[in-house]
Chemist: 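Have a look at the structure that comes next, please.
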Amino acid sequence: MQLYCESLTEYKRLSTREVKIGDLVLGNFHPILVQTMTTTDTMDTMATVEQSIRCIEAGSELIRITAPSKREAENLLNIKNELRRRGYNTPIVADIHFTPNAAEIAARIVEKVRVNPGNYIDKKKFEIIEYSDAEYQEEIDRIRERFTPLIKICKEYGTAMRIGTNHGSLSDRIMSRYGDTPIGMVESAMEFLRIARGENYHQVVLSMKSSNPQVMVHAYRLLVKTMFGEFGECYPLHLGVTEAGDGEDGRIKSSIGIGTLLEDGLGDTIRVSLTEDPELEIPVCKNLVKRYESRQSVRKGSFGAVGSGQSNIKLPYDPFNYQRRETFAVDNIGGKHVPVVIADLSKTEKITIEDLRNIGYNYDGGLDKWNISDTAADYMFTANQQLDFALPGTLKVIMYHKTWLNTSDEEKYFPIFDAEQYLEKNFRGSSRINFIMVDCFSDGYTQPSLPLLFTKLKNDPTAVLCLSSTNKNAMQSIRRMFVELENGEVKNPAIIICDSNDESMDESLIHYSVETGSLLLDGFCDGICLGHHFMKKDIRTDYCLMNSIAFSILQAARTRISKTEYISCPSCGRTLFDLQETTARIRAVTNHLKGVKIAIMGCIVNGPGEMADADFGYVGSGPGRITLYKGKDIVKRNVSSEVAVDELIGLLKENDAWVEP
Ligand code: SF4
């Protein structure tokens with residue numbers, strides 16, 4: 001199989017062409033750049049300059065500013081001049097959507113323009129048209145005619161360009177032929193890239209954004225494979241998950257999508273899109289990029305290594321399509337069950353009934369009843385602690401084997417031990433579930449014992465693997481173990497144990513999201529257990545947070561839905577209402593609607609297209625006016641923003657998507 005990265009077993013950056021953006025150089029192993037986008041009105045020069053400076057001071061290396069029409073494009077000159085006057089030389093990127101005229105003005109002013117091939121030149125009518133090959137070619141010729149002047153300007157002015165595809169805004173032409181798919185996203189960019197190459201213009205960066213990390217990761221991988229297959233080389237990649245939302249969920253979703261690709265050495269610049277002030281995106285970007293600064297990237301002299309420089313592992317899964325690894329079920333783990341969450345409470349000195357509140361179980365002493373939340377952990381790990389209280393019905397306990405031998409309740413308590421113990425003769429385990437720890441390919445685990453382990457596992461319907469890695473390329477090591485399991489036809493379910501050494505919970509959140517999310521996106525993993533080496537102060541808050549992070553990771557990877565999903569745009573100069581305040585208001589009244597996807601989009605120009613697979617949409621359609629959508633269909637037009645949230649609740653009720661809180 002032709003693959004999509006330089007190595008599947010160690011960190012190696014993908015070799016890409018070099019692109020100059022002002023004084024910066026992108027691609028070809030240069031440091032990964034971080035960037036963000038302003039949310040001010042582009043016509044408000046001072047507000048945009050001030051916000052740009054806040055972003056630059058926070059560490060943004062490129063600043064993107066929306067230029068929806070000629071007026072805004074022209075005003076980029078004032079913004080640029082003011083920034084330069086104040087001593088900021090950070091390159092500016094003009095964000096163009098529909099208007100070639102605006103792009104052609106901006107390309108003469110700023111260092112880079114971004115065009116969306118889904119709506120640059122094309123007007124979207126949401127029509128499905130049957131194109132003959134000749135008609136399709138005519139469309140491409142029409143695009144070439146309109147796109148070439150911009151390329152010529154970019155060449156003349158030394159301006160770089162991003163061809164930025166969005167999953168939610170593919171053209172009618174692409175949708176008609178390829179559908180709403182990663183292949184369609186790739187082809188959408190390739191049509192424009194072929195035209196650029198035909199003009200001998202190579203200052204091109206590409207992106208394949210989606211609010212769904214699964215779609216986004218597959219599209220980027222496919223893009224690399226396609227570029228390399230067709231041109232024998234790749235252009236730099238700008239990574240991002242679009243409409244990721246805010247807070248913990250937005251950070252987790254972005255980290256899973258962006259981090260999965262960075263782990264495989266893909267990505268030359270990143271943007272984390274949050275529905276928050278843009279400068280707040282930068283620390284998340286930096287924490288993501290920091291993970292790879294100390295990893296040695298093997299540099300190849302020339303491009304040409306995709307597929308050829310691979311380690312000798314043969315992939316038994318398709319990295320371009322999601323399919324969950326086939327396993328048998330051990331109790332509620334594996335098989336068709338959603339991935340489980342194991343809460344690691346082993347650092348609590350004496351676990352009490354109160355501690356269970358942090359992992360979703362709230363005991364009401366008056367009624368002698370447990371209230372169980374949608375994000376209640378399925379198992380908890382106590383190390384060597386026995387518990388002196390009765391457990392809620394849905395919670396089970398994992399403890400070290402030695403301690404487990406002293407428990408009498410084999411219905412609720414299960415042992416965990418290492419692979420060597422498991423392979424000992426006369427070993428006594430549980431008749432229902434046994435958890436076996438395997439440190440994948442670290443120095444402490446010797447591979448020759450794998451065949452023995454696999455033989456025993458295959459004949460053991462009670463065995464659940466708990467995979468972790470102390471290798472610096474932990475994700476790749478665990479992935480390799482999954483490959484071995486697949487090739488060895490071992491169908492036991494497997495949990496990923498992910499420990500963090502990071503000092504702050506912000507960094508840990510990124511670490512957990514990347515290391516477990518990237519495996520979840522490839523269909524591996526029947527559960528996750530997050531741990532923290534240095535967890536000491538305010539330990540109870542951390543348990544609560546880690547439990548919440550675990551469920552958010554599963555939700556972002558679309559493997560276990562336990563709460564409402566919000567798809568909210570980061571806002572920009574087009575935004576027609578206070579997105580942050582509105583998102584918070586909508587979240588406050590709908591956050592109990594498990595599994596419902598609600599989009600909150602700042603403008604009707606791009607919002608409906610970009611809200612991808614949302615069930616309901618709340619979209620700004622004019623000052624103080626909101627248009628409500630069910631899927632892609634308008635249900636209520638231009639509702640006053642005063643009553644729009646109530647109208648949204650009405651719409652949820654009409655469609656049986658509402659339950660009383
Ligand atoms: S959907 Fe949001 S971010 Fe996108 S153009 Fe409209 S307001 Fe800007």
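Both counts, for ligands and for their atoms, begin at 1 and track the order of listing.
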Chemist: Nearest to atom 2 (Fe) of ligand 1, what protein heavy atom do you find, and at what distance?
Modeler: Cys569 SG, 2.4 Å

Chemist: Under 6.0 Å between ring centres: does that hold for Phe577 and Tyr618?
Modeler: yes

Chemist: Scan side-chain atoms only and decide if His238 and Arg271 contain a donor-acceptor pair under the 3.5 Å cut-off.
Modeler: no

Chemist: In ligand 1, which numbered atoms sit nearer than 4.0 Å to a non-hydrogen atom of Gly602?
Modeler: 2 (Fe), 7 (S)

Chemist: Taking only heavy atoms of Arg574 into account, list the atoms of ligand 1 that are under 4.0 Å away from them.
Modeler: 5 (S)

Chemist: To the nearest 0.5 Å, what is the distance between OG1 on Thr559 and CD1 on Ile553?
Modeler: 9.5 Å

Chemist: Side-chain donor-acceptor pair under 3.5 Å between Thr260 and Tyr220, yes or no?
Modeler: no

Chemist: Is atom 8 (Fe) of ligand 1 less than 2.8 Å from at least one N/O/S atom of Cys572?
Modeler: yes

Chemist: Give the ring-plane orientation class for Tyr235 versus His202, where under 30° counts as parallel, over 60° as perpendicular and anything between as tilted.
Modeler: parallel

Chemist: For atom 5 (S) of ligand 1, grab the closest protein heavy atom and report residue, atom and distance to one decimal in Å.
Modeler: Asn606 ND2, 3.2 Å

Chemist: Taking only heavy atoms of Thr575, which atoms of ligand 1 are found under 4.0 Å from at least one of them?
Modeler: 7 (S)

Chemist: Under 2.8 Å from atom 2 (Fe) of ligand 1 - does any N, O or S atom of Cys603 fall there?
Modeler: no

Chemist: Check whether the side chains of Ser273 and Glu281 place a donor and an acceptor atom closer than 3.5 Å, and report yes or no.
Modeler: no

Chemist: Quick one: do the Ser60 and Glu279 side chains pair a donor with an acceptor below 3.5 Å?
Modeler: no

Chemist: Give the atom numbers and elements of ligand 1 that come within less than 4.0 Å of a heavy atom of Gly607.
Modeler: 1 (S)

Chemist: Could you identify the single nearest non-hydrogen protein atom to atom 4 (Fe) of ligand 1 and state the distance to 0.1 Å?
Modeler: Glu610 OE1, 4.0 Å

